[in-house]
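For reference, the structure is listed below as structure tokens.
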Amino acid sequence: MNLSEYRSKELLAQYGVPIPGGRFAASGEEAEARCREIDARKYVVKAQINAGGRGLAGGIKFAATPSAVRSEAQALLGAKLVTEQTGSTGEVVRGVYVEAAVDISESFYVALMLDPATAEPVLLASTQGGVAFEGAARKNPDIVESLALTAEADIAGFLDRLGFPDAQKAAQLVDGLREAFLKNDMTLAEINPLVPDGAGGWLAVDAKVSLDGNALFRHPELEALIADQGLTVAERVAQENEINLVKLDGNIGVVVNGAGLGLVTNDMLVEAGGKPANFMDIRTTATSFHIAKGVELLLDDPSVKIILVNVHGGGMTVCDTVAEGIAFAYSRSKRSLPIVARFAGQSAEWAHKILKDRYLPAEEVPTIGKAVQRAVELAGGGTR
């Protein structure tokens with residue numbers, strides 16, 4: 001779950017990460033009033049969305065006066081920004097962050113993420129930060145180096161070798177970043193650009209934090225940060241029912257357990273010429289009633305023409321639990337969309353029997369590939 005920039009900075013600042021002075025505003029008039037509370041000679045007005053790439057999409061504006069701040073804020077609020085991360089649907093700007101503009105002579109990049117092999121945080125760093133960083137890193141991955149943050153890790157030495165000035169101060173910032181990362185169950189903590197402040201220190205000019213949605217029950221103190229993250233009604237309902245859901249612009253509703261399996265399913269649909277209507281990850285804590293709510297969200301979406309079920313039972317989520325949830329959803333819905341069902345693993349045969357015994361319009365398909373092909377056919381698409 002991604003936090004917007006201002007929420008990310010609020011959280012990181014609690015752990016000693018230095019940030020420029022800034023204020024959030026939801027209207028042009030509020031932006032003008034709040035910028036007067038900031039000690040600055042020049043201001044920057046930043047659209048607050050939950051995706052990167054704002055700068056290249058026109059979501060960051062500079063202003064020399066409070067009245068100019070108001071004008072820039074009014075122009076951004078209500079606008080739709082389309083970036084690489086939002087997809088073609090874009091994201092509507094519902095708030096702006098007014099911040100003291102920083103003179104940037106050098107840009108650096110640091111981020112913490114989990115190493116999937118060790119489940120420990122790893123530091124990524126580069127001396128080539130800034131708005132063009134992602135494109136540059138795709139073209140030349142060697143501009144980013146990594147350091148496993150073990151107890152013996154020499155962060156200052158690592159950053160000094162890369163060419164970070166004031167590496168000791170930068171290492172102190174990374175220590176604060178690591179503490180925030182671990183204590184708040186983050187999956188990503190990114191600062192780009194990280195810039196020298198001219199006095200031997202550093203400033204996080206932009207920041208992005210992603211939280212582990214499955215760990216939010218451990219952090220009731222973060223509810224206020226999460227409440228305004230721009231989730232759609234469907235996405236919020238899904239979160240409340242132990243399901244990770246992201247609305248997409250296709251017509252094939254997908255019911256999947258596991259984030260990796262969900263991504264693979266969507267990729268295969270696109271490769272086969274189809275268009276997924278959503279990403280879904282049924283959490284291991286979900287009951288059949290939670291799953292029913294998630295399936296109802298798909299049935300209530302008029303753009304969805306068919307439901308593709310791709311579930312591998314095991315651990316805490318077994319196939320028949322998912323099948324029961326689907327049956328509950330169909331019993332309460334006015335729509336009865338065709339289902340292409342592929343169950344594998346624990347209780348797979350029983351799951352198919354449940355769908356059959358409840359007289360649901362379900363086709364049993366043995367493999368992922370065949371299930372994807374059939375779903376695309378029924379949705380009116382075709383293979384490439």
Side-chain angles (χ1 to χ4, degrees), residues 1-3 11 50 113-114 116 119-121 181-188 209-227 229-248 253-266 276-301 307-333 339 341-348 350-352 354-355 358:
M1 178 177 293
N2 296 331
L3 298 184
L11 186 55
N50 297 320
M113 62 184 300
L114 284 176
E120 295 292 338
F181 185 90
L182 294 173
K183 288 188 174 180
N184 294 279
D185 287 300
M186 296 179 184
T187 57
L188 173 69
V209 163
S210 295
L211 302 174
D212 183 352
N214 293 323
L216 292 180
F217 70 93
R218 290 201 289 258
H219 302 285
E221 74 281 4
L222 297 180
E223 288 181 3
L225 297 183
I226 297 162
Q229 289 310 295
L231 297 178
T232 66
V233 173
E235 289 167 350
R236 191 176 302 281
V237 170
Q239 288 287 340
E240 293 168 354
N241 285 276
E242 305 300 321
I243 292 174
N244 299 321
L245 179 88
V246 179
K247 179 74 173 71
L248 302 174
V254 293
V255 177
V256 185
N257 64 324
L261 186 59
L263 292 172
V264 168
T265 302
N266 283 12
N278 64 287
F279 163 84
M280 180 180 286
D281 167 22
I282 298 171
R283 300 175 194 162
T284 57
T285 49
T287 66
S288 57
F289 292 104
H290 290 137
I291 294 165
K293 198 64 181 178
V295 176
E296 283 184 68
L297 293 172
L298 302 183
L299 292 172
D300 290 342
D301 184 347
I307 303 291
L308 169 62
V309 180
N310 185 20
V311 169
H312 189 93
M316 297 178 68
T317 304
V318 293
C319 293
D320 60 305
T321 298
V322 178
E324 286 286 1
I326 295 170
F328 289 155
Y330 271 69
S331 70
R332 299 190 297 215
S333 176
I339 301 170
R342 178 262 180 183
F343 288 104
Q346 190 172 356
S347 301
W350 185 246
H352 283 298
I354 289 171
L355 298 186
R358 304 294 174 84

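If you read the sequence from its start, that first residue is 1, and numbering goes on from there.
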Non-neighbouring partners of D185 that pass side chain to side chain donor-acceptor pair (under 3.5 Å), sequence neighbours left out
R218, H219

E120 side chain to L114 backbone, donor-acceptor under 3.5 Å:
no

Hey, could you give me each pair passing salt bridge (Lys or Arg N to Asp or Glu O under 4.0 Å) that has a residue in residues 316-330? Not counting sequence neighbours.
E324-R358

Looking only at side chains, do T265 and N310 share a donor and an acceptor under 3.5 Å apart?
yes

Spacing of M113 atom CE and M186 atom CE [to the nearest 0.5 Å]:
14.5 Å

Could R332 and E296 be called an ion pair, given the rule that one side-chain N must be under 4.0 Å from one carboxylate O?
yes

Side-chain touch M280/N244, heavy atoms, less than 4.5 angstrom
no

Distance from N278 atom CG to L297 atom CG, nearest 0.5 Å?
9.5 Å

Taking every non-hydrogen atom, the tightest pair across A323 and L355:
O-CD2, 4.0 Å

According to salt bridge (charged side-chain N to carboxylate O under 4.0 Å, His left out), who are the partners of D300, at least two apart in sequence or on a separate chain?
none

Working for side chain to side chain contact (heavy atoms under 4.5 Å, CB included), residues L211 and V209
CA-CA 7 Å; L211 302 174; V209 163; 3.9 Å; yes

If every non-hydrogen atom of G313 is compared with every non-hydrogen atom of C319, which pair is closest and at what distance?
N-SG, 3.4 Å

Would you please name every residue forming a side chain to side chain donor-acceptor pair (under 3.5 Å) with N184, sequence neighbours left out?
Y15

Just grab all the salt bridge (Lys or Arg N to Asp or Glu O under 4.0 Å) pairs involving residues 279-290, residues at least two apart or on different chains.
E242-R283

Going by side chain to side chain contact (heavy atoms under 4.5 Å, CB included), name the residues that satisfy it together with S210, two or more places apart in sequence or in a different chain.
N2, T187, L188, K208

Measuring only between side-chain heavy atoms, which start at C-beta, is D301 closer than 4.5 Å to K247?
yes

All ring-ring contact (aromatic ring centres under 6.0 Å, His included) counterparts of F279, not counting sequence neighbours
none

Sequence-distant partners of T284, side chain to side chain donor-acceptor pair (under 3.5 Å), two or more places apart:
none

Going by the rule ring-ring contact (aromatic ring centres under 6.0 Å, His included), which residues pair with F343 if we only count those two or more places apart in sequence or in a different chain?
H352

Scanning both residues in full, the closest heavy-atom pair of T285 with H290 reads O-ND1, 4.1 Å

Considering residues at least two apart in sequence or located in another chain, which fulfil the side chain to side chain contact (heavy atoms under 4.5 Å, CB included) criterion with I339?
I307, V309, I326, Y330, A341, L360, A362

All heavy atoms of P276 vs all of L248, minimum pair found to be O-CB, 3.5 Å

Sequence neighbours excluded, the answer for side chain to side chain donor-acceptor pair (under 3.5 Å) partners of T321 is none

Specify the closest pair of heavy atoms between V311 and V322, including all atoms of both residues, with the distance to one decimal.
CG2-CG1, 3.8 Å

Under 3.5 Å, is there a donor-acceptor pair between the side chain of S347 and the main chain of W350?
no

Minimal heavy-atom distance between A329 and A292, with the atoms involved, is CB-O, 3.4 Å

Does some side-chain heavy atom of V256 sit less than 4.5 Å from a side-chain heavy atom of I282?
no

